[in-house]
Amino acid sequence: MMDQWLIAVLCLAFLMILASVRLFLGPTGPDRVIAVDAVNTLTIAAMILLGVVYQEVIFVDVAIVYGLLSFVATLYVAKYIGGEL
Amino acid sequence: MIPFLITTFLAFLGYLILTAGTGNIGLWSVTELIMGAILAVVTGALTRNFLCRSRDYRMLNPARFLRLLVYVPVPFFIELTRANLDVAYRVITGRIRPGIIRVRSNLRTDLGIFMLANSITLTPGTLTVGIDEKTHDLFIHNINLGEGEEKKEYFESTELFSLINLPAWIRKIAEHDKEAP
Amino acid sequence: MPGILDLVTYVLLGIGILFNALGIIGLLRFPDLYTRMHATTKATTFGSIFTSLAVIVYGLGLFIGNNDSQYLTLAIHAFLAMAMLAFTNAVSAHALARAAHKSGQFPTPAVCDRLAEAKL
């Protein structure tokens with residue numbers, strides 16, 4: 001019953017590792033920022049799936065808060081890159 | 001006073017959605033209802049100046065909300081699916097011809113431009129990069145321009161969507177009823 | 001009934017993982033910042049929407065089957081997380097693209113650049 005959810009979470013974790021390749025290679029700063037943004041999105045998706053794996057709603061709540069905080073962080077980094085801070 | 005009431009109502013609604021399924025008055029328990037009401041009033045008092053900054057209450061019209069509720073799951077989702085099939089094709093074949101173009105939006109309100117920019121970002125081959133604050137033109141990064149299209153000075157916003165006329169939907173949802181002269 | 005529910009969640013999870021993978025491959029493969037942003041914004045948003053839809057279908061199915069309100073809470077919260085994800089991803093993509101263009105990084109393979117010509 002739990003199998004498909006756990007396999008999906010493992011796939012997402014593997015994709016996060018692939019995205020970190022761009023994080024290390026990325027020639028410029030903004031490239032690294034979009035890699036981090038992609039990792040954040042995948043983390044939120046994985047947290048929602050973990051809520052089913054462990055049968056706990058609290059994972060999904062944490063995912064919502066994590067998503068909003070990473071959104072604010074991305075906006076601040078964008079302001080810093082654009083030279084408005 | 002009206003901004004305070006709207007903010008309080010929306011905050012209470014959000015609290016009710018987040019705590020659905022905790023008790024048996026409807027779906028909620030008594031403590032959650034009381035706590036939600038107190039927190040909603042505090043939130044409304046603190047943030048009343050942020051939500052309705054322009055003092056324009058056209059979004060209170062329920063017809064606009066119903067159109068928004070239809071717009072997101074049906075026409076927008078169809079374009080989103082097409083966008084992703086397009087991106088899948090580009091990722092696999094690597095056939096791209098990118099460029100930044102200028103698009104006339106013909107929208108006046110902030111909400112309308114915001115919705116158009118978000119719709120453009122999530123639909124086929126286009127990504128919003130910048131905005132001209134005076135004329136409300138958008139600058140779009142297009143991943144696959146056709147031959148000779150880079151010579152055109154302006155694009156109309158309807159040219160970006162091929163299946164469904166999304167700008168007309170957005171105009172009905174977010175713009176003023178009468179066009180300002 | 002449980003068989004159909006499992007099948008639907010399998011299909012939704014498969015579509016979600018497929019599009020997430022395409023987004024990450026595009027991130028690794030495309031030549032410059034803006035085209036990479038195309039891949040990550042659209043494909044990972046779409047894939048995450050589908051994995052969340054799988055959770056919503058699972059929660060609603062078990063809620064209708066068992067009448068246990070815990071699963072209704074799971075479905076509603078997953079829906080809120082999905083809406084938040086779709087909204088914030090597009091906005092942060094705008095902010096990053098604008099900031100990168102302002103900091104002087106122009107699209108390197110490009111046939112035209114009206115924003116640099118406009119000089120805002």
Side-chain angles (χ1 to χ4, degrees), chain B residues 14 17-24 27 72 76-77 80-81 83-92 94 96-103 114 117-134 137 139-145 147-155, chain C residues 15 18-19 21-35 37-39 41-43 45-47 49-50 63 68-77 79-80 83 86-87 89-91 93-94 96-98 100-102 106-118 120:
Chain B
I17 290 171
L18 275 173
T19 56
T22 49
N24 42 20
L27 285 169
V72 174
F76 180 67
F77 200 77
L80 185 59
T81 312
N84 281 280
L85 296 178
D86 184 74
V87 164
Y89 173 74
R90 304 263 169 247
V91 167
I92 291 166
I96 52 174
R97 196 165 178 276
I100 295 182
I101 56 175
R102 188 178 186 126
V103 173
F114 167 72
N118 265 5
S119 304
I120 282 172
T121 297
L122 293 175
T123 47
T126 47
L127 179 82
T128 313
V129 176
I131 181 171
D132 188 339
E133 300 275 353
K134 287 182 197 126
D137 288 348
F139 293 96
I140 311 289
H141 182 272
N142 199 327
I143 200 170
N144 193 37
L145 280 171
E147 288 291 330
E149 278 188 341
E150 68 268 21
K151 294 190 186 69
K152 273 171 85 173
E153 189 76 14
Y154 285 102
F155 280 71
Chain C
I15 295 173
L18 176 71
F19 276 100
L22 280 171
I24 298 300
I25 292 169
L27 175 70
L28 291 175
R29 183 177 165 173
F30 276 154
D32 79 321
L33 174 73
Y34 300 93
T35 44
M37 214 175 272
H38 274 282
T41 325
K42 283 177 200 131
T45 308
F46 194 66
I49 283 176
F50 268 91
F63 174 66
D68 185 352
S69 68
Q70 181 202 345
Y71 294 111
L72 180 66
T73 316
L74 180 71
I76 291 173
H77 287 211
F79 179 77
L80 281 180
F87 171 77
N89 253 342
V91 177
H94 297 170
L96 269 173
R98 181 168 166 274
H101 203 283
K102 260 184 122 171
F106 302 121
T108 33
V111 288
C112 62
D113 192 346
R114 298 272 177 227
L115 180 55
E117 290 162 20
L120 289 178

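Every chain is numbered from 1, with letters handed out A, B, ... down the list of sequences. This is a predicted model, so every value here is computed, not measured.
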*What are the two closest non-hydrogen atoms of B:N84 and C:A43, and how far apart are they?*
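Taking B:N84 first and C:A43 second, the nearest heavy atoms are OD1-CA, 3.3 Å.
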*Distance-minimising heavy-atom pair for B:A117 and C:H94*: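 Nearest pair, atom of B:A117 first, then C:H94: O-NE2, 3.4 Å.
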Which atoms of [X] are under 4.5 Å from chain B, going by heavy atoms: the side chain, the backbone, both sets, or neither?
| X | value |
| --- | --- |
| C:F30 | side chain |
| C:Y71 | neither |
| C:H77 | side chain |
| C:A86 | backbone |
| C:R29 | side chain |
| C:L22 | both |

*asked:* For the interface with chain C, which of B:N118, B:V87, B:V72 has the highest count of heavy-atom pairs at distances below 4.5 Å?
replied: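 Sorted descending by pairs with chain C, the first entry is B:N118.
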*Examine distances only and state if a side-chain atom of C:K42 and a backbone atom of B:L127 form a donor-acceptor pair shorter than 3.5 Å.*
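Flag not set: sc C:K42 to bb B:L127 has no pair under 3.5 Å.
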*Could you tell me which portion of B:T81 (side chain, backbone, both or neither) has an atom closer than 4.5 angstrom to a non-hydrogen atom of chain C?*
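Contact with chain C involves both backbone and side-chain atoms of B:T81.
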*Do the rings of C:F19 and C:F46 sit parallel, tilted or perpendicular, given the 30° and 60° boundaries?*
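Perpendicular.
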